[in-house]
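First the structure, in the form of structure tokens, and then the observations on it.
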Protein chains: 2
Amino acid sequence: MTPTIKDIAARAGISYATVSRALNEKYGVSRETREKVKALAEEMGYRPNAIAQGLVNRTTMTVGLIIPDITNPFYPRLALGIEDRLLKAGYNVFLCNTSWNPDRERDYLNNLVQKQVDGIIISSIAHHADDIESIIPSDMPLVYVSSYPEDTERSYVLIDNIKGADMAVSHLLFRKRRRIAFIGSQQEYHSLEDRLSGYRKALKRAGIEVSEDMVVLDKFQEQSGYKIIRELLEKGTIPDGVFAENDIIAMGVVQGVQDSGYRVPEDVAVIGFDDIPIASHPDIQLSTIHQPKYRIGSYAAEILLNQLIQDPSERRTERMTLQPELIVRRSS
Amino acid sequence: MTPTIKDIAARAGISYATVSRALNEKYGVSRETREKVKALAEEMGYRPNAIAQGLVNRTTMTVGLIIPDITNPFYPRLALGIEDRLLKAGYNVFLCNTSWNPDRERDYLNNLVQKQVDGIIISSIAHHADDIESIIPSDMPLVYVSSYPEDTERSYVLIDNIKGADMAVSHLLFRKRRRIAFIGSQQEYHSLEDRLSGYRKALKRAGIEVSEDMVVLDKFQEQSGYKIIRELLEKGTIPDGVFAENDIIAMGVVQGVQDSGYRVPEDVAVIGFDDIPIASHPDIQLSTIHQPKYRIGSYAAEILLNQLIQDPSERRTERMTLQPELIVRRSS
DNA sequence: GATTCATCCTTAAACGTTTACGATACTTCT
DNA sequence: AGAAGTATCGTAAACGTTTAAGGATGAATC
């Protein structure tokens with residue numbers, strides 16, 4: 001249907017190998033035929049078959065991006081940073097949304113190696129490096145972004161979650177809160193754990209004992225914050241501050257607090273994490289820890305690109321930990 | 001590196017053609033060798049090279065999805081509906097974000113055909129069908145979603161934009177508004193035009209003349225609503241109702257109205273389009289026209305899948321126009 | 001006039017699969 | 001026993017491209 005180099009060769013009266021070299025600017029073809037070939041290619045609407053090229057070149061100019069939740073505004077911006085950077089370098093990206101499903105993450109990884117992607121960027125929900133790295137060839141470039149399994153040797157780009165959480169909780173402490181809850185989702189996500197340990201760290205430093213019924217994790221994301229805080233309040237466990245795993249959950253918490261007849265921030269101060277766009281809306285004004293989402297994405301892409309051009313033997317792992325930023329708004 | 005069927009064949013002491021047939025459950029291989037081959041494949045960690053398969057099968061189990069703005073919460077949900085449906089059928093998706101850039105849309109289309117995708121779903125910003133359909137092979141399945149060029153013969157899935165806009169404006173009229181503005185972005189987007197004509201239609205039916213300074217389009221998306229309404233108000237052009245192209249813009253309008261010292265909805269009633277999740281937030285309460293985003297996506301995927309299994313000759317164009325739903329909230 | 005050399009092109013193999021066809025051996029039938 | 005059929009496997013071509021190696025041509029050198 002669409003013309004191949006053989007079609008061009010036939011019309012030009014030369015062999016298709018010459019056509020290939022002409023189009024790829026290789027040596028050994030005269031200016032004359034090169035121009036003739038190019039004109040013909042243009043005229044016939046020739047477009048190289050990337051699949052065939054991929055087979056012989058052993059590179060597909062394609063990378064896989066695995067994220068847990070495209071519905072959380074954090075990830076689209078991250079993905080945008082990645083896509084923009086990779087596109088500039090000529091790569092396309094397979095976007096894979098796992099919806100927090102570890103099986104789906106595994107399946108997608110398998111899929112991506114079968115599809116011969118050149119590299120993978122992943123915001124993983126797996127706990128162990130092996131869950132991921134045993135699936136992919138050991139020489140396949142991989143960079144973790146925003147979350148990673150702690151026993152990995154690979155590159156990653158992420159915010160300092162411990163420090164960010166520490167800052168958030170310290171801020172609540174500064175606001176004279178003493179009964180500070182941590183509310184999150186039950187997903188096995190390494191950044192969750194770091195945020196949790198940052199939470200513990202800050203409380204410990206302040207000499208406050210962490211009461212375990214103040215740490216509540218729930219199965220789902222979207223409605224988690226709302227549900228959890230309402231249950232807490234009804235049970236009579238009344239925190240005066242809440243640090244939520246992320247802004248989506250934090251917004252649920254704020255709603256829940258208000259619907260239970262309490263005031264934010266007077267009765268319960270709330271702070272989230274991520275600084276998604278809506279958090280700064282005048283009618284929302286959610287305090288949070290800022291993450292430079294787009295930048296994190298483009299850094300991750302940059303690191304992957306470095307690995308892509310390097311010899312596997314001399315690949316170094318590059319790790320970036322970006323500094324979080326406290327954003328104080330009305331909710332605290 | 002990773003084993004191929006030849007490696008398996010060598011270890012099994014048979015030809016690689018037989019290995020292929022064994023793994024693909026084809027006739028002509030004994031139970032015995034089939035099982036031996038499968039065991040070996042499992043043991044050696046064999047995974048078929050999808051690129052090589054793609055070359056011979058002339059199908060890549062891959063589809064391209066082109067959207068203008070992953071940053072607008074409308075699209076991730078649309079994409080999710082598409083991805084979920086396609087994944088179930090074994091397809092992977094290239095997500096392509098054009099950032100409202102027509103050149104980038106064109107480049108991506110080219111890219112996708114070179115990458116030999118089996119089909120394309122696109123929320124296009126192009127005006128003419130030719131801008132898109134001249135790029136792709138005529139037998140390549142394509143379905144438009146949420147927006148489409150009006151001179152196309154292809155399938156599409158979208159909301160009835162004219163009717164939705166009509167409903168929105170009629171609602172404002174019902175609220176006794178007479179000076180109703182339309183605020184949108186300047187992107188060439190067909191759904192924009194339909195919404196604009198729905199706006200005109202409703203006004204006309206009510207016997208209200210459309211004043212052209214009440215229709216304002218701006219270049220960008222995110223800040224458009226805010227900027228435009230503030231300029232309008234400062235110019236002394238004070239609408240008592242605003243229909244915005246989408247919820248993102250509508251939210252900007254609400255902010256702008258309030259920052260200019262007017263009240264929503266008392267002085268200016270505002271209604272948007274899409275019903276993105278945040279619109280229902282208790283502190284936002286934006287009136288809007290609901291779109292079933294996830295469902296639109298999965299319908300589009302369904303239609304594409306139908307085309308993928310059909311013979312190109314007997315492909316019928318399927319067009320779905322979903323009914324919009326008016327959601328009245330505090331902003332009107 | 002033979003040799004060398006550069007230039008331009010062709011041949012052929014390779015990438016990892018699938019699949020039509022042919023070959024072989026074994027069964028079954030007459 | 002010979003013919004015919006069946007089950008199993010191998011050979012080879014094909015998908016569209018890149019690229020190493022080699023061949024042809026003509027010009028330059030001696």
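All of these numbers come straight from a predicted model, not from anything done at the bench. Note on naming: letters A, B, ... go to the chains in the order of the sequence lines (proteins, then strands), and numbering restarts at 1 for each one.
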Problem set entry | Pair K36(A) + E32(A): basic N to acidic O under 4.0 Å |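 Salt bridge: no.
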
Please check the phosphate of [N] (OP1 and OP2 only) for any side-chain N or O of [X] closer than 4.0 Å.
| X | N | value |
| --- | --- | --- |
| R31(B) | dA7(D) | no |
| S20(A) | dG16(D) | no |
| S15(B) | dG10(D) | yes |
| N57(B) | dT17(C) | no |
| S30(A) | dC9(C) | yes |
| T18(A) | dT10(C) | yes |
| R58(A) | dA14(C) | no |
| Q53(A) | dT18(D) | yes |
| T4(B) | dC15(C) | no |

Would you mind telling me which of [options] lies closest to the side-chain atoms of [X]?
| X | options | answer |
| --- | --- | --- |
| N49(A) | dG16(C), dG16(D), dT19(D) | dG16(D) |
| Y16(A) | dC9(C), dA12(C), dC15(D) | dA12(C) |
| V29(B) | dC9(D), dT10(C), dG16(D) | dC9(D) |

For this session: Confirm from the modelled atom types if R21(B) and dG10(D) form a donor-acceptor pair under 3.5 Å, side chain to base only.
Result: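 Under the 3.5 Å cut-off, the side chain and the base do form a donor-acceptor pair.
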
If I take atom [atom1] in residue [X] and atom [atom2] in nucleotide [N], what distance separates them, rounded to the nearest angstrom?
| X | N | atom1 | atom2 | value |
| --- | --- | --- | --- | --- |
| N24(A) | dT19(D) | CG | P | 7 Å |
| K115(A) | dC15(C) | NZ | P | 23 Å |
| R34(B) | dA7(D) | CZ | P | 13 Å |
| K6(B) | dA12(D) | NZ | C1' | 12 Å |
| K36(B) | dC9(D) | NZ | P | 9 Å |
| Y27(B) | dC21(C) | OH | P | 19 Å |
| Q114(A) | dG16(C) | CD | C1' | 13 Å |
| I5(B) | dT17(C) | CD1 | C1' | 5 Å |

For this session: Find which nucleotide of DNA chain D each of G28(B) and P48(A) is nearest to by heavy atoms, and output the residue with the more 5' nucleotide.
Result: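 With G28(B) and P48(A) compared, the 5'-side residue is G28(B).
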
Exercise. Between L55(B) and K26(B), which has a closest nucleotide on DNA chain C that is more 5'?
Worked result: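 Comparing both residues, the 5'-ward one is L55(B).
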
For this session: Look at all strands and tell whether I14(A) reaches a base, only sugar-phosphate, or nothing, counting heavy atoms closer than 4.0 Å.
Result: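 Sugar-phosphate contact only.
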
Exercise. Any cation-pi pair here, K293(A) with F74(A), using under 6.0 Å and within 45°?
Worked result: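 Verdict for F74(A): no cation-pi partner in K293(A).
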
Problem set entry | Geometric class of the H190(B)/Y148(B) ring pair [parallel <30°, tilted 30-60°, perpendicular >60°] |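 Judged by the thresholds at 30° and 60°, the geometry between Y148(B) and H190(B) is tilted.
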
Exercise. Looking at Q307(A), R316(A), R319(A), which one forms a side chain to side chain donor-acceptor pair (under 3.5 Å) with S155(A)?
Worked result: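 Checked Q307(A), R316(A), R319(A) against S155(A); only one passes side chain to side chain donor-acceptor pair (under 3.5 Å): Q307(A).
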
Exercise. Is it true that atom CD of E25(A) has more than 12 heavy atoms of other residues, nucleotides or ligands lying nearer than 6.0 Å?
Worked result: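 Atom CD in E25(A) is packed in, count exceeds 12.
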
Problem set entry | Any side-chain donor near an acceptor of the partner, T152(B) and E133(B), under 3.5 Å |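 Looking only at side-chain atoms, E133(B) and T152(B) do form a donor-acceptor pair, the distance falling under 3.5 Å.
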
